[in-house]
Number of protein chains: 2
Amino acid sequence: MESTLTADLVRDRAATVARALSDAKRLCVVERLADGERSVSDLSRDVGCQVPNMSQHLAVLRAAGIVTSRREGSTVFYRLADPQVLEVYRILQQVAR
Amino acid sequence: MESTLTADLVRDRAATVARALSDAKRLCVVERLADGERSVSDLSRDVGCQVPNMSQHLAVLRAAGIVTSRREGSTVFYRLADPQVLEVYRILQQVAR
DNA sequence: TCATTGCTTGCGCAATTACGCAAGTAAATC
DNA sequence: GATTTACTTGCGTAATTGCGCAAGCAATGA
């Protein structure tokens with residue numbers, strides 16, 4: 001058996017992850033990071049938005065535990081924290097068609 | 001190769017599905033519907049919200065193509081349109097932990 | 001130390017969202 | 001036809017979100 005309290009927590013966390021994936025630009029970031037880590041400015045250019053905007057999107061993804069970051073000199077690289085997010089995205093696309 | 005136009009469309013649709021799953025109450029609905037179809041009032045009671053609120057949540061899920069409805073007399077039954085959404089939810093929970 | 005590069009944070013605003021409540025529609029029963 | 005049951009839709013509001021822009025912080029180099 002499972003208490004409704006933990007069930008609620010699991011749902012809330014899953015909802016947070018889904019929320020982080022509910023934006024086209026953030027999904028674009030996930031696609032880019034599938035090939036490996038990238039800097040904020042790279043992602044900003046790829047997605048086609050300003051750097052502060054990208055930084056905020058990355059903060060949302062990080063808060064959801066989808067990405068992690070690493071600083072190398074003055075550059076910050078982001079990468080997928082869990083490759084399983086790609087599996088989520090893949091099935092998401094199937095459901096979406 | 002694939003045009004960026006269709007890539008954008010695919011992302012937008014996937015984002016819409018993720019958006020529909022980004023609410024704890026709607027995830028609760030998905031859980032309930034995993035066992036089969038249920039009426040709006042049933043879902044309303046299970047989730048613990050008012051009927052109009054549940055109706056709106058179901059409208060969001062339907063707009064995303066996640067559920068379909070069937071009227072039997074004065075009662076409307078909802079069910080999952082695509083069982084794959086359960087797979088999305090399952091992996092979503094793994095990423096979320 | 002000062003300037004530059006790369007990123008984050010704060011702020012204001014427009015748009016979207018979730019909710020309660022009231023009103024409207026649809027089907028069954030009287 | 002009128003009432004009841006089941007659901008949807010409209011409306012107002014508080015909260016959240018995405019964005020641009022300016023300012024701040026960290027690391028490198030002059």
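In the text below, chain A, chain B and the rest are named by the order of the sequence lines, each starting its count at 1.
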Less than 3.5 Å apart, which donor and acceptor atoms pair up between the side chains of residues 61-70 of chain B and the rest of the protein, not counting sequence neighbours?
unit_1: Arg62(B); atom_1: NH1; unit_2: Ser69(B); atom_2: OG; d: 2.6
unit_1: Arg62(B); atom_1: NH2; unit_2: Tyr78(B); atom_2: OH; d: 3.2
unit_1: Arg70(B); atom_1: NE; unit_2: Glu37(B); atom_2: OE1; d: 3.3
unit_1: Arg70(B); atom_1: NH1; unit_2: Glu72(B); atom_2: OE1; d: 2.7
unit_1: Arg70(B); atom_1: NH2; unit_2: Glu37(B); atom_2: OE2; d: 2.4
unit_1: Arg70(B); atom_1: NH2; unit_2: Glu72(B); atom_2: OE1; d: 3.3

Run the side chain to side chain contact (heavy atoms under 4.5 Å, CB included) check on Cys49(B) and Lys25(B) step by step: do they pass? CA-CA 9 Å; Cys49(B) 69; Lys25(B) 287 180 181 174; 4.0 Å; yes

Margin query: Atom CZ of residue position Arg13(A) - does it have more than 12 heavy atoms of other residues, nucleotides or ligands inside 6.0 Å?
Written below: no

What residues 29-45 of chain B contributes to the DNA chain D interface at heavy-atom separation below 4.0 Å is Ser39(B), Val40(B), Ser41(B)

Original post:
Are Arg45(A) and Asp42(A) side-chain neighbours, meaning at least one heavy-atom pair lies under 4.5 Å?
Top reply: yes

Distances under 3.5 Å only, N/O to N/O: pair up the protein atoms with those of nucleotides 21-26 of chain D.
unit_1: dC21(D); atom_1: OP2; unit_2: Gln50(A); atom_2: NE2; d: 3.3

Show which side-chain atoms of residues 88-97 of chain B pair as donor or acceptor with protein atoms under 3.5 Å away, not counting sequence neighbours.
unit_1: Tyr89(B); atom_1: OH; unit_2: Glu31(B); atom_2: OE2; d: 2.5
unit_1: Arg90(B); atom_1: NE; unit_2: Glu87(B); atom_2: OE1; d: 3.3
unit_1: Arg90(B); atom_1: NH2; unit_2: Glu87(B); atom_2: OE2; d: 2.8
unit_1: Gln94(B); atom_1: OE1; unit_2: Gln84(A); atom_2: NE2; d: 2.7

**Study point:** Minimum side-chain heavy-atom gap Val51(A)-Met54(A) below 4.5 Å
**Key:** no

Checklist entry - Under 4.5 Å between side-chain heavy atoms, hopping through other hydrophobics if needed: is there a path connecting Leu21(A) to Val60(A)? => result no

In Asp46(B), Asp23(B), Val47(B), the residue satisfying side chain to side chain contact (heavy atoms under 4.5 Å, CB included) with Val29(B) is Val47(B)

Problem - Side chains of Leu43(A) and Arg32(A) in contact at under 4.5 Å (non-hydrogen atoms) - result: yes

Rounded to whole Å, the CE-P distance (Met54(B) to dT8(D)) equals 11 Å

- Query: Between Val30(B) and Phe77(B), is there a shared hydrophobic cluster once you connect ILVMFWY residues whose side-chain heavy atoms come closer than 4.5 Å?
  - Reply: no

May I ask you to test the Cys28(A)-Arg11(B) pair for a side-chain heavy-atom distance under 4.5 Å? yes

- Query: Is there a side chain to side chain contact (heavy atoms under 4.5 Å, CB included) between Asp12(B) and Leu27(A) once you walk through the steps?
  - Reply: CA-CA 9 Å; Asp12(B) 280 340; Leu27(A) 287 179; over 6 Å; no

Establish, with yes or no, whether the OP1 or OP2 oxygen of dT8(D) is under 4.0 angstrom from a side-chain nitrogen or oxygen of Tyr78(B). yes

On DNA chain D, more 5' by nearest nucleotide between Ala59(B) and Val60(A) is Ala59(B)

So the contacted stretch of DNA chain C, first to last nucleotide with an atom under 4.0 Å from a non-hydrogen atom of chain B, runs from dT17(C) to dA28(C)

In whole angstroms, the gap separating P of dT17(D) from NE2 of His57(A) amounts to 12 Å

How about Arg26(B) and Arg19(B): do any of their side-chain heavy atoms sit closer than 4.5 Å? yes

Within residues 7-22 of chain A, the residues having a heavy atom closer than 4.0 Å to DNA chain D are Arg19(A)

